[in-house]
Structure formats: C-alpha cells, structure tokens
Number of protein chains: 2
Amino acid sequence: MFRERGYARTTMRAVAQEAGVAVGNAYYYFDSKEHLIQEFYAETQHEHRAVAAPVLARERGFAPRLAGVLHAGVDVLSPYHSFAGTFFKTAAEPTSPLSPFSTESSAPREASVALFREVLAGSTAKLDDELRETLPELLWLGYMGVVLYWVHDRSPGQVKTRQLIDGVVPLVDRLVGLSRLRVLRPVTRQALTLIHTLRH
Amino acid sequence: MFRERGYARTTMRAVAQEAGVAVGNAYYYFDSKEHLIQEFYAETQHEHRAVAAPVLARERGFAPRLAGVLHAGVDVLSPYHSFAGTFFKTAAEPTSPLSPFSTESSAPREASVALFREVLAGSTAKLDDELRETLPELLWLGYMGVVLYWVHDRSPGQVKTRQLIDGVVPLVDRLVGLSRLRVLRPVTRQALTLIHTLRH
DNA sequence: GACGTTTCTTGAACGTGTTCAAGTCCCGGA
DNA sequence: TCCGGGACTTGAACACGTTCAAGAAACGTC
C-alpha cells in the first residue's frame with residue numbers, strides 16, 4: 001500500500017480495513033504508523049544481503065566488492081524511491097525508533113555493517129590494521145550518505161546515484177591503498193583516533 | 001513557543017491565539033506549520049553570520065577561521081537542541097521546502113555557502129585553483145554533516161560535537177595542504193571531476 | 001463444565017493540521 | 001457618497017493518527 005499510494009495516503013484506517021480488523025487493533029500490533037515502516041526497513045536489509053551475495057561470492061577485489069554491495073543497496077531500494085522521502089523524514093529524527101542510529105534499529109544496523117565487514121574481509125586489499133577494524137563502520141556510514149544522496153536524487157532512474165557510486169568507489173579504493181603511505185600515516189592515525197573519540 | 005513547548009505541542013491554534021487571530025488566518029500568512037520553521041531557519045542564518053564575524057575579522061589562518069565559523073554555527077543553534085530533531089525531521093524530506101537542498105531555501109543556503117567562501121578567501125591558505133573554487137560548497141556540506149551529528153549528539157552540552165569540530169578542522173586543514181602534493185594530485189582531480197558531475 | 005486471568009478486538013472519541021465558503025475590511029475611482 | 005474589487009479574517013468542517021474503556025475470545029486450572 002505504501003508503494004501504491006505513498007505514505008501519507010496510506011491511512012491507518014485503510015491498513016486496518018485491508019487487514020480485516022478494526023483501527024484500534026492495528027495499534028495492538030504496531031505502536032504507531034512509523035513502526036509499520038520499520039518492518040519495511042528490516043525487509044529491505046534482508047533483501048540487500050541476498051542481492052549482494054552473488055557479487056561477494058564472485059569478486060575478490062575490494063573495489064568491485066564495495067561497488068557491488070552499494071549498487072545492490074540501491075537496487076533493492078529502487079522501487080520505493082517515490083515515497084522514500086517520507087521514509088527518510090521519520091528516520092532522520094533522533095528520537096525516532098526508525099533512526100539508523102537508534103538503539104531500536106541496532107539489529108538491522110549491525111546486519112548492514114556486517115555486510116561491509118564482509119566486503120573488506122573477503123577482499124585481497126592490504127591496509128593498516130587499525131583502519132581494517134574501523135573501516136566497515138565507515139563504509140556503512142558512507143552507504144548512509146549514498147542513500148541520502150539517492151533520496152534527493154531527481155535524475156531519471158536515479159542515474160546520478162549510480163555515477164556517485166562508480167565515481168566514489170575507486171576514490172575510496174585509492175585512498176585506502178594510500179593510507180599505508182608514509183606521508184599519510186599521521187593523517188590516517190589522526191583521523192582514526194578522532195573517530196574513536198566520537199563513537200559512543 | 002517552539003523553544004518552550006517543543007514542535008508538536010506548539011499547535012497552530014495556540015500560535016493563532018498568541019497572535020490574536022483565528023486559526024485560518026495563520027494559513028493566510030504561512031502555507032503550513034513547517035513554514036513557521038523556515039522563518040526560524042532564516043533567522044539563525046543571520047545570527048550565524050553575526051556571531052562568526054569577529055572571528056573572521058581577527059583570524060587569518062584557514063584552520064582557526066573554519067573552526068570559528070563552525071563553532072559559531074553550533075553556538076547559534078545550541079538553545080534549540082531539544083526540538084532541533086523535529087526541525088531536522090521535516091528538513092530531511094526532499095520535497096519539503098525546508099530541505100537545505102531545495103530551491104525554496106536556496107537564499108539562506110547561498111548565504112551560508114558565502115560564509116564559507118569568506119572563510120577561504122580571507123585566509124592565507126594556498127591551494128589548488130580548481131579546489132579553491134569548489135571547496136566552499138564542500139565546507140558547507142561538511143557543516144551540514146556537523147549539524148547532523150549535533151542533532152544526534154546526546155552528550156551533555158553537546159561536547160562531542162565540539163570535539164568533532166576541533167578534531168576534524170586540523171584534518172581538513174592538513175588535507176587541503178596535502179592536495180598540492182604530487183602523489184595526491186590525481187586523487188584530487190578525480191574527486192573534483194566527480195563532484196562536478198554530481199552537482200545538478 | 002465453571003472460574004479467573006490473560007490475550008485480543010472493537011469503534012467511538014480526542015486533538016491535530018489543514019481547507020474553504022462566507023464574511024468583513026479597506027481603498028481608489030465615479 | 002457610493003460602488004466594486006481586492007486584501008484580509010473567520011470558525012466550522014474534514015481527514016487523519018492515536019487513545020481508551022469496554023467487551024469478546026482463548027487458555028489454564030480445578
């Protein structure tokens with residue numbers, strides 16, 4: 001119903017009617033309308049993993065693995081682009097249980113981070129040990145950035161988001177490789193300690 | 001009223017009553033409740049500029065200027081942290097006129113970007129010509145990131161956000177300096193062309 | 001089968017943002 | 001002074017998300 005009518009026009013009364021129950025009963029199973037989206041959220045996480053699986057099984061290079069997972073994420077989200085705005089609207093609020101940073105959605109978040117951990121672990125990339133530990137979370141954060149761009153992407157078929165992925169992946173790949181360079185070591189360490197400070 | 005009661009509890013009826021008019025009349029002057037926030041938005045922009053002015057007049061180094069402007073931004077926003085979540089909630093929706101990327105809020109956005117242009121222009125920093133042109137917008141984007149972090153920052157007095165600024169500014173400063181390095185030239189150009197591709 | 005308790009279900013009712021037909025005010029021109 | 005049209009103002013009405021007291025069903029225990 002979300003996909004067909006959008007978020008606003010999918011009323012709780014309509015949802016209840018479609019389910020063949022009374023309005024109030026919907027609130028027995030879901031705390032609020034927002035919580036209906038959370039179901040959605042968890043579903044796309046699983047699908048993301050499934051769609052990304054073949055690429056992760058096939059590719060060994062860091063760049064193609066990362067690109068594969070990012071593209072898979074956008075692939076899964078694609079059908080919902082029209083109402084993803086409202087999705088994002090509620091997710092952006094810190095107090096919302098839907099926020100990707102909230103404790104309530106820590107399960108799907110961990111699953112998503114694990115996906116990026118796999119991207120790195122299964123690759124042949126060589127990098128700083130400390131960076132290796134932190135990078136998956138950073139990649140996930142970058143993925144959140146991609147989604148944020150995608151939500152605002154008005155280009156037909158969200159081509160720009162694809163360009164973003166294809167453009168940023170080799171850059172990240174390059175930077176990860178450079179991180180072991182002597183000139184950049186101090187910057188790398190500086191960045192990593194900052195990240196550790198800011199993590200809650 | 002927003003500050004005292006928060007966004008949700010500031011009803012349009014209460015706003016109208018406080019203004020001494022009927023409910024419907026509020027909608028003659030403001031298209032929606034969200035548009036009340038936009039007024040707020042424009043106001044803080046002006047204040048940001050005012051608070052940042054002394055620092056920009058005093059400092060000449062790129063790092064202290066950037067840090068000053070970023071801290072000024074957080075200073076101005078500070079009193080509204082409790083309800084900034086809802087603020088952000090509506091701003092995150094792409095279709096919302098409140099979105100910092102929307103055409104409707106292009107005026108305050110331009111003003112904000114100009115502030116970061118001033119950060120760079122008034123500094124003694126030496127950097128790649130093309131980067132010099134693009135950097136202000138990137139700094140603004142980074143500022144949006146700082147605000148995003150600030151909104152989610154639950155630490156007392158939002159200390160973490162201050163640490164983020166103090167940690168990230170020298171990093172940016174260092175990277176900007178390194179951008180002229182021979183080893184990093186290709187990466188810099190690669191990043192810049194990507195950015196130009198993605199800009200609408 | 002009868003009971004008490006928990007789980008589930010109902011739909012009216014509340015407060016909200018928003019709309020709109022109707023009305024009032026204001027001001028320039030005949 | 002009157003008229004006409006635009007600017008402003010009103011508050012009832014609408015649809016929505018959400019709550020809640022009341023009831024129905026299911027279940028375990030004797």
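Atoms considered below: every heavy atom in the structure, side chains included; atoms not considered: hydrogens, waters and symmetry mates. Chain A is the first sequence line, chain B the second, and so forth, proteins listed ahead of strands; every chain is numbered from 1.
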Between A:E118 and A:R49, is the salt bridge (Lys or Arg N to Asp or Glu O under 4.0 Å) condition met? List the steps.
CA-CA 11 Å; A:E118 212 175 316; A:R49 174 164 285 274; 3.5 Å; yes
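- Judged by distance alone with a 3.5 Å cut-off, a donor-acceptor contact links the side chain of A:R13 to the base of D:dG17.
- Toward the 5' end of DNA chain C, the nearer of the two residues A:Y28 and A:V23, judged by each one's closest nucleotide, is A:Y28.
- Nucleotide D:dG17 holds its P atom 4 Å from the NZ atom of A:K33, rounded to whole Å.
- Side-chain atoms of A:Y29 lie closest to C:dC8 of the nucleotides C:dT18, D:dT9, C:dC8.
- Residue-to-nucleotide proximity on DNA chain D shows that, of A:N25 and A:T11, the 5′-proximal contact is made by A:T11.
- Residue B:F30 contributes atom CZ, which lies 16 Å from atom C1' of D:dT9 at whole-angstrom precision.
- Atom pair B:E34:CD and C:dT16:P shows a separation of 18 Å (rounding to whole Å applied).
- Going from atom CD of A:Q17 over to atom P of C:dT10 covers 12 Å, rounded to whole Å.
- Put simply, the side chain of B:Q158 does not reach to within 4.5 Å of the side chain of B:V74, judged on heavy atoms.
- At most 12 non-hydrogen atoms from other residues, nucleotides or ligands lie less than 6.0 angstrom from CD of B:Q17.
- Atom-to-atom, OH of B:Y27 to P of C:dT18 comes out at 4 Å; the value is rounded to the nearest Å.
- Closest to the B:V21 side chain, of the nucleotides D:dT10, C:dT10, C:dG17, is D:dT10.
- Within 6.0 Å of the CZ atom in B:R60, the count of heavy atoms belonging to other residues, nucleotides or ligands exceeds 12.
- When the C1' atom of C:dC20 is taken as reference, atom CE of B:M12 falls 15 Å away, rounded to whole Å.
- The distance between atom CZ of B:R9 and atom P of C:dC14, rounded to the nearest whole Å, is 19 Å.
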